[in-house]
S.K.: 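First the structure, then my questions, so here it is.
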Amino acid sequence: MSEAVEAVAPRLFSPTLLGFGGAAIGNLYRPVSDEAAVAAVAQSWSQGVRYFDTAPHYGFGLGEQRLGAALEQIDPHGEALVSTKVGRLLTPVETGARERHGFVDANAFEPVFDYSHDGVMRSFEDSLDRLGRDHVDILFAHDLGAATHGAAHAGRWSEFIGGGYRALRRLRDEGAVGAIGLGVNEWQVCEQAMTEGEFDVFLLAGRYTLLEQTALASFLPRCAEQGVSVIVGGPFNSGVLACATLSEAHYDYGVPPEWVSTKVAALRAVCADWDVELPAAALQFPLAHPQVISVIPGLANAGEVHAAAKRMAAPIPPGFWTDLVDRGLIDPAAPVPGTERAP
């Protein structure tokens, strides 16, 4: 960021540093029982988590239903900060396939992209019904971007900026949502969004993590200039930074490419030298950046929640981060834990 530009304070809301990523209780990669899903949310609450993220896409409504049911039990006064997403409508489908779009034993709906004004309004109303709420705190437009849509991106973007974006602004102006943004896997579309609209917060998955910091050079400084907050999703890069073995791992929801496996092996070697748990480092690293207000790993059960809370609090020697920089494993310009967060 240019020395002549001062960071603008983030707007509107204060999620807990550790948030709850709701894809896992929508049966991402593996089935989760209703009881385990409710226990995961309840354990998060007992650990002090007050920010919960979900989406219609997660289990095709299942994730929202389970989160809503759990919060009805543990949060009768509505203290939780909840975010969900728009950009897909769920249409009934008959299928015998157990796994679709990465979700196992999910609801019998097919997600269909729709970023129009009316599509966004309908998606939002459907989400409120599943969540059992009359508002949400943050509403994200889900999975925009060229890497997601390929040649169709320009058309999807036009549909959104000419329609869905107006719906987001309307919902915020009417008080039905507290803040608006994009929930995406690519920072480039967030920069495009900041050029063409006004947004409060971006949920960026996988692009500012211990594994890769591609968002550091231009995106995060631009967020600082415009006072836009960032929530880091996918801090384990779809699991590759948390799995016991690489044979079990996903990266960007697929098989890890060679460069990922090589770098994760190098990160594990440094962790072994310093007796640091790799998932602990992965959770703590993004929060050192002043624009990052929360990190939301996917949490499928109470045990994973307990482990995440423990990892967030685990002491990590300052020399560990220096060693990562010296070995070329993290960007030397990246803030690291133990340095003072800017206001």
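Computed from heavy atoms alone, side chains included, the values below leave out hydrogens, waters and symmetry copies.
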S.K.: Strictly distance-based, threshold 3.5 Å: is any side-chain N or O of Glu191 a donor or acceptor partner for the main-chain N or O of Phe219?
M.R.: yes
S.K.: With sequence neighbours excluded, what pairs up with Tyr29 under the ring-ring contact (aromatic ring centres under 6.0 Å, His included) test?
M.R.: His250
S.K.: What I want to find out is whether Glu277 reaches Arg311 closely enough, with some N-O distance under 4.0 Å, to be called a salt bridge.
M.R.: yes
S.K.: Counting N and O atoms only, with roles assigned by atom type, does the side chain of Arg169 sit under 3.5 Å from a partner on the main chain of Tyr165, one being a donor and the other an acceptor?
M.R.: no
S.K.: Judged by atom type as modelled, is there a donor-acceptor pair below 3.5 Å linking the side chain of Ser229 to the main-chain atoms of Val201?
M.R.: no
S.K.: In terms of side-chain geometry, is the basic nitrogen of Arg207 or Asp252 positioned less than 4.0 Å from the acidic oxygen of its partner?
M.R.: yes
S.K.: Can you tell whether the side chains of Arg156 and Glu159 come within less than 4.0 Å, N to carboxylate O?
M.R.: yes
S.K.: So does Glu258 have more than 12 non-hydrogen atoms from other groups sitting under 6.0 Å from CD?
M.R.: no
S.K.: So, Thr16 side chain and Gly19 main chain: donor-acceptor pair closer than 3.5 Å or not?
M.R.: no
S.K.: Among the clusters formed by ILVMFWY side chains lying less than 4.5 Å apart, do Leu299 and Val38 turn up in the same one?
M.R.: no
S.K.: Under the criterion side chain to side chain donor-acceptor pair (under 3.5 Å), which of Lys85, His57, Arg88 is the partner of His142?
M.R.: Arg88
S.K.: How far apart are the closest heavy atoms of Leu283 and Pro297, and which atoms are they?
M.R.: CD2-CG, 3.9 Å
S.K.: Salt-bridged, Glu304 to Arg30, with N to O below 4.0 Å?
M.R.: yes
S.K.: Please confirm whether the backbone N or O of Ser83 pairs with a side-chain atom of Asp137, one donor and one acceptor, at under 3.5 Å?
M.R.: no
S.K.: Keeping the roles fixed (side chain from Gln47, backbone from Ala309), state whether a donor-acceptor pair exists under 3.5 Å.
M.R.: no
S.K.: What residues, two or more places apart in sequence or in another chain, satisfy salt bridge (Lys or Arg N to Asp or Glu O under 4.0 Å) together with Asp75?
M.R.: none
S.K.: Between the side chains of Asn237 and Thr209, is a donor N or O closer than 3.5 angstrom to an acceptor N or O?
M.R.: yes
S.K.: Could you grab the distance from atom CZ of Phe52 to atom CD of Glu64, nearest 0.5 Å is fine?
M.R.: 15.0 Å
S.K.: Can Glu110 and Arg100 be counted as an ion pair, charged N to O under 4.0 angstrom?
M.R.: yes
S.K.: Has Gln291 got a side-chain atom pairing as donor or acceptor with Val228's backbone, closer than 3.5 angstrom?
M.R.: yes
S.K.: Got more than 12 heavy atoms from elsewhere within 6.0 Å of CD, Glu72?
M.R.: no
S.K.: Checking Asp118 against Ser116: is there a side-chain donor and acceptor pair closer than 3.5 Å?
M.R.: no
S.K.: So, Asn301 versus Gln43: side-chain donor-acceptor pair below 3.5 Å or not?
M.R.: no
